[in-house]
S.K.: 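Here you go, one structure.
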2 protein chains.
Amino acid sequence: MFHRPKPPRTAAPFPRRRQLQRSTIRCMPVTMKDIARDLGVSVVTISKVLRNHDDISEETRKRVLARVKELNYRPNLAARGLVTGHTYLIGLVVPDLLHPFFAEVAKSLSRVLLKKGYYLIISSSEEDEELEAREIDQLLGRSLDALVIASSCLTRDILRGIEEHGTPYVLIDRRFAGTPANYVGVDDEAVGVLATEHLIEMGCRRIAHLRGPENSPGVERLKGYRDTMAKHNLPILPNYVSEQRTVDVQSRESGAESMRQLLALKPRPDGVFCYNDPMAMGAINSILESGLKVPEDIAVIGSGNIHYAPLLRVPLSSIDQHTEEIGERAARLALALVEAKTPPRPKSIVLQPSLVVRASSSKTRIKPRTQEK
Amino acid sequence: MFHRPKPPRTAAPFPRRRQLQRSTIRCMPVTMKDIARDLGVSVVTISKVLRNHDDISEETRKRVLARVKELNYRPNLAARGLVTGHTYLIGLVVPDLLHPFFAEVAKSLSRVLLKKGYYLIISSSEEDEELEAREIDQLLGRSLDALVIASSCLTRDILRGIEEHGTPYVLIDRRFAGTPANYVGVDDEAVGVLATEHLIEMGCRRIAHLRGPENSPGVERLKGYRDTMAKHNLPILPNYVSEQRTVDVQSRESGAESMRQLLALKPRPDGVFCYNDPMAMGAINSILESGLKVPEDIAVIGSGNIHYAPLLRVPLSSIDQHTEEIGERAARLALALVEAKTPPRPKSIVLQPSLVVRASSSKTRIKPRTQEK
DNA sequence: TTGAAAGCGTTACCAG
DNA sequence: CTGGTAACGCTTTCAA
């Protein structure tokens with residue numbers, strides 16, 4: 001009936017032997033306990049020294065620090081996180097790391113977070129909804145402090161699990177209709193407007209659009225394009241909006257394919273606004289292959305302003321989305337969420353895009369050879 | 001003198017209240033304890049069900065699973081890792097995520113690992129030795145199962161801490177002289193040979209080299225270049241090997257700058273082998289800016305065969321390093337290390353590079369317009 | 001088939 | 001200033 005008093009822990013029968021059977025033989029790293037035993041102090045003391053508590057004598061502190069350095073001790077952050085409920089780990093989910101847009105976001109995000117002592121754990125969904133769900137599950141299981149997501153999902157279902165779990169999150173690039181969420185992205189309708197206005201100004205009249213997926217950037221850029229065409233009383237000819245809605249992962253190939261279909265139309269377009277830069281690269285390829293010229297026969301503009309856009313076969317005009325700033329803002333927003341005592345009101349940050357003109361859309365005869373960079 | 005027996009834990013005074021003060025008010029996720037209390041079983045039972053132990057009655061199993069699903073319970077992987085000593089987390093350290101080579105490696109690595117239930121945690125050192133050391137420290141503190149590293153360090157010092165800590169690791173792309181380590185990369189000397197032989201075959205005689213950093217790829221590619229020039233009795237003219245040894249992060253700019261210096265030399269080179277593709281892109285830019293033509297006046301070849309090489313202003317000849325395979329092999333090697341009971345002998349995997357000819361080096365008059373892709 | 005106890009490496013709390 | 005104790009959420013062991 002009575003519980004036997006635990007024997008004092010210090011009197012363990014095999015003091016230097018780990019009791020639990022580990023799966024590997026590999027020797028474990030140094031722990032506080034090791035140092036404590038070594039120095040004849042308690043683990044608490046070690047812990048305090050390491051976290052700069054000021055209720056430790058200078059002498060003890062010195063001894064501890066010396067031994068810590070000597071043994072190259074590293075605190076186990078997982079264990080620490082377990083106790084404090086704070087892991088200093090922030091998750092990032094993107095559709096494709098190879099896509100320069102997301103690589104750039106990851107980079108600027110990471111830079112800001114690192115400065116504050118946070119660490120980024122990145123996950124690529126390959127634009128696959130199911131994989132994304134699994135990866136987010138994994139991430140939630142690792143008790144991150146926050147999550148930054150460029151979701152490949154078309155519905156907000158994915159968010160429910162995250163909210164239930166209680167991990168704060170920031171959406172980037174793509175958002176969902178419905179209840180507001182923390183979001184950082186570009187004004188996608190403005191992207192469509194800017195691109196289309198520019199092509200019109202360059203003298204294009206039969207402007208086609210290689211559209212993106214059914215997510216918010218895809219839909220809103222399309223809307224910007226449609227509205228602008230309407231505003232200028234320009235018709236959108238049949239099949240001038242590419243039907244396939246493929247994904248970021250294979251943008252270039254899909255851009256090439258859609259462009260081929262557009263080229264078969266008559267009359268054929270004299271300008272194309274592409275959902276993103278990789279699609280535009282594919283489109284340009286198809287146009288050149290067919291023997292036509294860019295921009296003389298067909299002007300092309302993309303979006304994203306990827307860093308090598310100026311160096312392409314035909315330097316690519318694009319809509320700059322302020323990629324770096326998206327990462328920075330998302331990082332700051334995420335940090336604010338983590339540090340907030342109580343979940344603050346969702347905040348939506350929408351950046352204004354800007355036009356970058358290069359050769360692929362400059363229908364003037366004097367094509368600048370090296371316009372920038 | 002005697003320790004008071006602990007009161008039985010089940011008789012805690014405030015059963016539904018967490019005792020520990022967390023830094024945030026945010027409600028904590030569901031735990032096994034919650035489910036156990038809920039169902040009137042022990043946490044052990046829950047734990048066993050979740051890990052498919054077969055000593056649980058079908059009925060209990062069903063009840064548990066139902067509740068688990070209902071509450072959307074996710075096991076805390078950090079806590080699990082603490083006990084099992086196995087986190088299913090593998091770290092990747094690269095100099096620059098924006099560099100397509102490393103992005104591609106990350107992608108293929110992640111793909112293989114994910115299939116086996118492992119998760120990749122990526123870290124970009126920005127080609128900064130000190131930052132790299134800090135990041136590796138962080139990673140080690142998170143008790144990863146293994147580490148994959150493309151180190152920006154020139155010496156193997158960084159490895160000591162890792163070995164002391166006992167985390168198995170695989171080097172990729174760059175290796176260190178001295179004791180053998182697990183490594184996956186391309187035969188860099190062969191890269192230099194292949195590139196130089198090709199330029200010679202194209203009729204170049206005054207071949208320059210925009211060299212990389214003082215790490216193994218940089219040094220070995222340089223050696224391949226030197227040896228090949230010697231073999232063909234071709235002189236390496238003064239200053240024909242660019243002196244700056246800048247880094248991957250700013251390759252393009254550094255390539256452009258070095259090329260400008262080469263152009264000022266007389267005689268000027270008629271062929272350039274660049275350490276990597278971004279440098280080659282910068283070099284081509286400088287050449288075109290100076291009014292000369294690629295490849296007619298100066299042929300250029302890079303290394304890495306980045307995916308957009310065919311789409312550049314001048315489609316870029318390159319040495320393919322089998323980037324994807326590097327990632328795959330590194331993943332498999334890392335998994336082997338994790339699963340090994342005892343550390344196996346270090347294994348070095350060296351892939352043979354292959355030549356990809358495009359316009360930037362085809363000195364024949366008939367330049368193929370679209371050679372591939 | 002079930003679960004109490006001990007332990008993973010750390011921090012919070014509080015009594016000395 | 002110091003350190004014992006309990007706790008974080010989980011798994012392992014072993015007795016019932």
Side-chain angles (χ1 to χ4, degrees), chain A residues 3-10 12-14 17-23 28-36 39-51 53-61 63-64 73-87 141-143, chain B residues 3-14 17-23 28-37 39-51 53-61 63-64 73-87 141-143:
Chain A
H3 289 259
R4 206 175 68 254
K6 281 165 63 177
R9 294 189 184 194
T10 43
F14 308 114
R17 190 73 180 69
R18 304 212 175 263
Q19 276 78 10
L20 230 57
Q21 169 74 16
R22 314 299 287 241
S23 50
M28 298 307 294
V30 188
T31 71
M32 284 191 176
K33 215 191 274 179
D34 299 329
I35 300 184
L39 257 43
V41 299
S42 79
V43 286
V44 179
T45 306
I46 315 283
S47 175
K48 284 178 174 166
V49 170
L50 288 171
R51 283 170 303 130
H53 272 225
D54 51 6
D55 57 354
I56 297 290
S57 74
E58 201 44 48
E59 211 217 291
T60 314
R61 176 186 307 278
R63 277 177 65 217
V64 171
Y73 165 79
R74 280 178 195 78
N76 182 321
L77 300 180
R80 176 182 287 176
L82 203 54
V83 183
T84 61
H86 199 45
T87 57
R142 300 198 182 272
S143 49
Chain B
H3 288 259
R4 203 174 70 256
K6 283 165 63 176
R9 294 191 183 190
T10 45
F14 309 114
R17 193 68 182 71
R18 306 213 171 262
Q19 275 78 9
L20 228 59
Q21 168 74 16
R22 314 299 287 242
S23 49
M28 299 306 293
V30 188
T31 70
M32 285 190 176
K33 215 191 274 179
D34 299 328
I35 300 184
R37 191 171 35 216
L39 258 42
V41 296
S42 79
V43 286
V44 180
T45 307
I46 315 281
S47 173
K48 283 178 175 168
V49 170
L50 288 171
R51 284 170 302 129
H53 272 223
D54 51 6
D55 58 353
I56 297 291
S57 74
E58 202 44 48
E59 212 218 288
T60 315
R61 177 186 307 278
R63 277 177 64 216
V64 170
Y73 166 77
R74 281 180 196 77
N76 182 321
L77 300 179
R80 178 181 285 177
L82 203 53
V83 182
T84 62
H86 199 44
T87 58
R142 300 199 183 272
S143 48

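Below, each value reflects all heavy atoms present in this structure, side chains not excepted, and no hydrogens, waters or symmetry copies. We name chains A, B, ... by the order of the sequence lines, and we start the count at 1 in each one. Keep in mind the model is a prediction, meaning the values are calculated, not measured.
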S.K.: Measure CG/A:D55 against P/C:dA12 and give the value in whole Å, please.
M.R.: 12 Å
S.K.: Does C:dT1 have OP1 or OP2 sitting under 4.0 Å from an N or O in the side chain of B:R61?
M.R.: no
S.K.: Specify the separation, in whole Å, of atom CG of A:D54 and atom P of D:dC1.
M.R.: 8 Å
S.K.: Is there a donor-acceptor pair closer than 3.5 Å between any side-chain N or O of B:R80 and the backbone N or O of B:G85?
M.R.: no
S.K.: If you find the nucleotide of DNA chain C closest to B:S42 and the one closest to A:L77, which residue's nucleotide is nearer the 5' end?
M.R.: B:S42
S.K.: Roughly how far apart are A:S57 OG and A:D54 CG, rounded to 0.5 Å?
M.R.: 12.0 Å
S.K.: Check the distance between C:dG3's C1' and B:L39's CG and give it to me in whole angstrom.
M.R.: 15 Å
S.K.: Quick check on D:dT11: is either OP1 or OP2 less than 4.0 Å from any side-chain nitrogen or oxygen of B:T84?
M.R.: no
S.K.: Respond yes when some side-chain nitrogen or oxygen of B:K33 is under 4.0 Å from OP1 or OP2 of D:dA7, and no when none is.
M.R.: no
S.K.: Between A:Y73 and C:dG9, is there a side-chain N or O to OP1/OP2 distance below 4.0 Å?
M.R.: no
S.K.: If we ignore hydrogens and angles and just use 3.5 Å, is the side chain of B:R63 paired with the main-chain N or O of B:L39 as donor and acceptor?
M.R.: yes
S.K.: Base, sugar-phosphate or nothing for B:T60? Non-hydrogen atoms, less than 4.0 Å.
M.R.: sugar-phosphate
S.K.: With a 4.0 Å cut-off on heavy atoms, is A:V41 in touch with a base, just the backbone sugar-phosphate, or nothing at all?
M.R.: sugar-phosphate
S.K.: Figure out the CD1/P separation between B:I46 and D:dC10, and round it to whole Å.
M.R.: 10 Å
S.K.: If you define the side chain from C-beta out and look only at heavy atoms, does anything of A:I46 sit under 4.5 Å from A:V49?
M.R.: no
S.K.: Once you round it to whole Å, what is the distance between P of C:dG9 and NE2 of A:H86?
M.R.: 23 Å
S.K.: Which whole-number value in Å describes the distance from B:M32 CE to D:dC10 C1'?
M.R.: 6 Å
S.K.: Rounding to a whole Å, what distance do you find between B:K48:NZ and C:dG3:P?
M.R.: 9 Å
S.K.: Quick check on D:dT2: is either OP1 or OP2 less than 4.0 Å from any side-chain nitrogen or oxygen of A:T45?
M.R.: no
S.K.: Which nucleotide in the set C:dG9, D:dG9, D:dT12 lies at the smallest distance from any side-chain heavy atom of A:V83?
M.R.: C:dG9
S.K.: What integer distance in Å separates B:L82:CG from D:dC10:C1'?
M.R.: 8 Å
S.K.: To the nearest 0.5 Å, how far apart are CG in A:L82 and OG1 in A:T87?
M.R.: 11.0 Å
S.K.: OP1, OP2 of D:dT11 versus side-chain N and O of B:R51: anything below 4.0 Å?
M.R.: yes
S.K.: Which nucleotide sits closest to the side chain of A:S57: D:dC1, C:dT1, D:dT12?
M.R.: D:dC1
S.K.: Check every atom of D:dG4, C:dT10, D:dT2 against the side chain of A:V44 and return the nucleotide holding the closest atom.
M.R.: D:dG4
